[in-house]
Amino acid sequence: MYPAPREPRQPGPSRAFRAIMRDPPQAPQHAGSTRMNIVAIRDALAGRIDAGAPVTVRGWVRTRRDSKAGLSFVNLHDGSCFEPIQVVAPATLANYESEVRHLTAGCAIVARGTLVPSQGKGQAFEVQADAIEVLGWVDDPETYPIQPKPHSMEFLREVAHLRPRTNTFGAVTRVRHCMAQAVHRFFHERGFYWVNTPIITTSDAEGAGQMFRVSTLDLANLPRDERGGVDFRRDFFGRETFLTVSGQLAVEGYCLALGKVYTFGPTFRAENSNTTRHLAEFWMIEPEIAFADLDDDADLAEDFLKYIFKAVLDERGDDMAFFADKLEKTAVSRLEAFLAAPFARIDYSEAIDILEKAPRKFEFPVGWGADLQTEHERYLSEEHVGRPVVVMNYPEHIKAFYMRLNDDGRTVAAMDVLAPGIGEIIGGSQREERLDVLDRRMAQFGLDPAHYQWYRDLRRYGTVPHAGFGLGFERLVVYVCGLANIRDAIPYPRAPGVAEF
RNA sequence: UCCCGAGUAGCUCAGCCGGUUAGAGCAUCUGACUGUUAAUCAGAGGGUCGUCAGUUCGAGUCUGACCUCGGGAGCCA
């Protein structure tokens with residue numbers, strides 16, 4: 001019967017397990033600890049470890065193949081790179097029949113042995129095992145969700161805690177990390193400071209959508225004010241508060257003191273939008289530069305995107321090759337094309353001209369004063385220009401109050417970066433730095449200046465021209481990886497009705 | 001929120017015009033075979049056909065409501 005060898009499945013802490021616990025949590029590099037020769041699979045496969053060296057690899061089983069020649073092949077992944085390593089387990093191992101032959105996808109093991117050139121095809125190196133210790137069995141192999149076969153992305157969303165074990169989500173995770181590191185590196189190298197703007201805010205009129213309320217009031221017994229409304233003076237902060245929808249207004253204060261700053265943090269929108277492009281919780285990047293106009297802003301946006309894409313191509317070739325192979329054929333080539341040419345730049349008015357003369361029909365009408373629809377944006381970047389294009393100077397009434405009014409009095413210094421395959425990827429503007437004009441704009445938008453005294457102060461005390469832009473990090477991840485749904489670009493997505501895990 | 005589509009084995013799916021005991025591939029288990037590469041071959045187990053109601057002699061199949069998921073639109077990053 002089969003169950004007998006399963007006995008050791010709930011062992012006490014083994015020696016290997018205790019060793020893992022002792023392993024420095026922040027090993028300086030992938031080379032790992034010299035104690036026990038623990039190595040990352042990435043280093044073993046890349047030839048950074050001498051052939052013949054004793055090695056220990058730790059990870060999760062992807063597949064097991066048995067050979068009657070007296071050995072089994074165990075493919076092991078540990079997250080350090082896309083490829084798993086092949087562990088060759090000879091039948092002479094003490095637990096070969098009792099344990100090794102029963103390994104299934106998802107089992108956690110520690111394999112000690114020797115790194116050797118592979119006798120088989122498909123990999124340069126493999127681990128010839130002297131010992132294999134099973135740290136964690138898979139409770140019920142038949143119902144273990146992650147099988148060595150293609151799964152639908154829809155199914156994997158239902159097992160968001162296990163999907164990082166798949167090729168796809170391992171790759172997305174590494175690429176996302178690479179991009180986040182590149183974001184910080186890009187700004188740091190250019191003298192920007194990372195500013196952490198508040199997550200809890202009182203600004204409720206940034207025009208960026210519905211907000212999540214933050215409150216400690218007892219919902220079943222709300223305090224009332226004189227007029228019968230909810231008395232937020234009794235709430236935690238003594239006033240009504242929400243989760244941030246943007247750090248831009250707050251970061252402007254730091255921009256007008258430190259010159260070049262950016263935010264990179266979580267952002268929340270309570271819109272009931274159920275699409276492949278929206279999340280209720282996402283990460284936004286918002287640089288803000290002083291002594292800068294809209295052209296400086298567009299330059300920064302172009303440099304920024306190219307830097308991120310280049311970093312991914314340079315550092316994550318293994319994962320990108322997988323995306324190009326399995327998810328989106330042009331995953332790599334379109335990034336290369338993106339890097340190859342300068343962005344086009346056109347005025348909004350020019351864009352309207354182009355669209356009106358376009359040899360095709362649009363579902364939504366085109367006309368000066370109307371905002372560009374997704375179909376318009378795609379036509380401009382994909383068909384008319386054929387590469388990323390920055391559209392600048394939009395009609396003032398379709399853009400936010402803080403955008404700088406141009407001399408023509410009917411446009412503002414706003415820009416959208418449109419890219420083939422995605423449409424709008426970045427939105428930005430030069431900010432209105434003149435107090436009198438800002439006040440007029442706020443009145444025009446029906447905003448109460450009393451709520452923006454601190455923002456107005458920035459125009460009263462040493463105001464200078466400044467500009468910035470914002471982009472949703474996950475949308476960038478979607479584009480880079482060739483994903484179809486933004487819920488696959490973040491570990492545990494939050495969306496209307498979706499807050500499991 | 002609106003429009004459209006889909007829910008059948010652990011996963012991916014087939015199932016005709018309503019009619020006998022609901023099938024396949026993968027996965028799992030057993031056996032054979034092999035330095036194997038998502039191995040191969042043979043066999044076995046595995047199903048309240050999303051839920052509830054209705055039509056019918058008879059419903060996986062037709063009708064309605066609901067639930068869940070997906071795609072599109074709007075909003076936007």
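Because only heavy atoms are used, hydrogens play no part in the values below, and waters and symmetry mates are left out as well, while side chains stay in. Reminder, nothing fancy here: chain letters follow the sequence lines and each chain counts from 1.
Close placement of the His376(A) and Phe362(A) rings is indicated, their centers lying within 6.0 Å of each other. In summary, the aromatic rings of Phe82(A) and Phe323(A) are positioned with their centroids too far apart to meet the 6.0 Å limit. Taking the six-membered ring for Trp, Phe187(A) and Phe264(A) have ring centres at least 6.0 Å apart. In this structure, Tyr262(A) has its ring center no closer than 6.0 Å to that of Tyr193(A).
Comparing the P positions of C17(B) and C62(B) gives an interatomic distance of 9 Å, to the nearest angstrom. If you take atom C1' in C13(B) and the same atom in G60(B), they sit 14 Å apart, rounded to whole Å. Distance noted for atom C1' between U61(B) and A6(B): 15 Å (whole Å). Between U37(B) and C26(B), the two P atoms lie 15 Å apart (nearest whole Å). A65(B) and U55(B) have their C1' atoms separated by 15 Å, with the value rounded to a whole Å. A24(B) and G47(B) are spaced 14 Å apart, taking the P atom of each and rounding to whole Å. On the P atoms, C52(B) is 25 Å away from G15(B), given to the nearest whole Å. Comparing the same atom, C1', in U8(B) and in G46(B) gives a spacing of 14 Å after rounding to whole Å.
Of all nucleotides listed (U34(B), C29(B), C76(B)), C76(B) comes nearest to the side chain of Thr374(A). For Phe73(A), taking side-chain heavy atoms from C-beta onward, the closest of the listed nucleotides G71(B), G25(B), U36(B) is U36(B). Distance from the side chain of His102(A) is smallest for U30(B) among the nucleotides C75(B), U30(B), U28(B). Set against A27(B), C76(B), C29(B), the side chain of Glu142(A) has A27(B) as its closest nucleotide. Checking G35(B), U1(B), C69(B) against the side-chain heavy atoms of Asn274(A) singles out U1(B) as nearest. Comparing U12(B), G70(B), U34(B) by their nearest atom to the side chain of Ser67(A) picks out U34(B). Side chain of His278(A), nearest nucleotide from G74(B), G35(B), G70(B): G74(B). Of the listed nucleotides (U12(B), A38(B), G35(B)), A38(B) has the atom at the smallest distance from the side chain of Pro150(A).
Remark: C1' of A38(B) and CG of Asn75(A) are 10 Å apart, rounded to the nearest angstrom. Between Leu71(A) atom CG and U34(B) atom C1' there is a gap of 10 Å when expressed in whole angstrom units. Rounded to whole angstrom, the span from the CD atom of Glu271(A) across to the P atom of A73(B) amounts to 17 Å. Regarding Arg62(A), its CZ atom lies at a distance of 20 Å from the P atom of C26(B), rounded to whole Å. Rounding to whole angstrom units, CD of residue Gln373(A) and C1' of G72(B) are separated by 14 Å. The distance between atom CE of Met153(A) and atom P of G70(B), rounded to the nearest whole Å, is 12 Å. Whole-Å rounding puts the Ile486(A) CD1 to C75(B) P distance at 17 Å. At whole-Å resolution of the value, CG in Asp371(A) and P in G74(B) are 11 Å apart.
Contact annotation: side chain of Gln86(A) to base of U36(B), donor-acceptor pair present below 3.5 Å. Contact of Glu126(A) with G35(B) (side chain to base): a donor-acceptor pair of N or O atoms is detected under 3.5 Å.
With no hydrogens or angles considered, a side-chain donor-acceptor pair links Thr263(A) and Glu286(A) at under 3.5 Å. There is a side-chain donor-acceptor pair under 3.5 Å between Tyr144(A) and Arg165(A). Donor-acceptor pairing under 3.5 Å is recorded for the side chains of Tyr402(A) and Gln248(A). Judged purely by distance below 3.5 Å, without hydrogens or angles, the side chains of Gln119(A) and Glu126(A) never pair a donor atom with an acceptor atom.
Residue Asp66(A) is in base contact, counting any heavy-atom pair closer than 4.0 Å across all strands shown. Residue-level contact check: Gln147(A) touches the bases, meaning some heavy atom is under 4.0 Å from a base atom. Ser152(A) comes within 4.0 angstrom of sugar-phosphate atoms only, judged by non-hydrogen atoms across all strands, and of no base. Ser118(A) comes within 4.0 angstrom of a base, heavy atoms only. Note on Gln128(A): a base of the nucleic acid sits closer than 4.0 angstrom, heavy atoms only. Among the heavy atoms of the strands lying under 4.0 Å from His151(A) are primed sugar atoms or P, OP1, OP2 only; no base atom is included. Residue Arg64(A) is out of contact with every strand shown, counting any heavy-atom pair closer than 4.0 Å. Nucleic acid contact class of Phe282(A) (heavy atoms, under 4.0 Å, all strands): base. If you check every strand for non-hydrogen atoms under 4.0 Å, Thr63(A) touches sugar and phosphate atoms only. In this structure, Leu476(A) reaches neither bases nor backbone, as no heavy-atom distance under 4.0 Å exists between it and the strands shown. Phe364(A) comes within contact range of the sugar-phosphate backbone alone, with a heavy-atom separation under 4.0 Å but no base atom that close. When heavy atoms are screened at a 4.0 angstrom cut-off, Gln123(A) is found touching base atoms of the nucleic acid.
Using the six-membered ring where Trp is involved, Tyr348(A) and Tyr394(A) have ring planes that are tilted, between 30° and 60° apart.
Regarding contacts with the backbone of C75(B), every side-chain N or O of Arg277(A) stays at 4.0 angstrom or more from both OP1 and OP2. For the pair Thr276(A) and G72(B), the criterion of a side-chain N or O lying under 4.0 Å from OP1 or OP2 is met. Taking only side-chain nitrogens and oxygens, Arg65(A) never comes nearer than 4.0 Å to OP1 or OP2 of A38(B).
Residue-to-nucleotide proximity on RNA chain B shows that, of Gly472(A) and Val498(A), the 5′-proximal contact is made by Val498(A).
Screening Val183(A), Ile308(A), Leu476(A), Val417(A) against Leu471(A) for a side chain to side chain contact (heavy atoms under 4.5 Å, CB included) leaves a single residue, Leu476(A).
With a 4.5 Å cut-off on side-chain heavy atoms, Trp60(A) and Cys107(A) do not count as touching.
With the 3.5 Å cutoff on both pairing distances, Watson-Crick and G-U pairs in RNA chain B assemble into runs of at least 3 at B:1-7 with B:67-73, B:10-13 with B:23-26, B:28-32 with B:40-44, B:50-54 with B:62-66.
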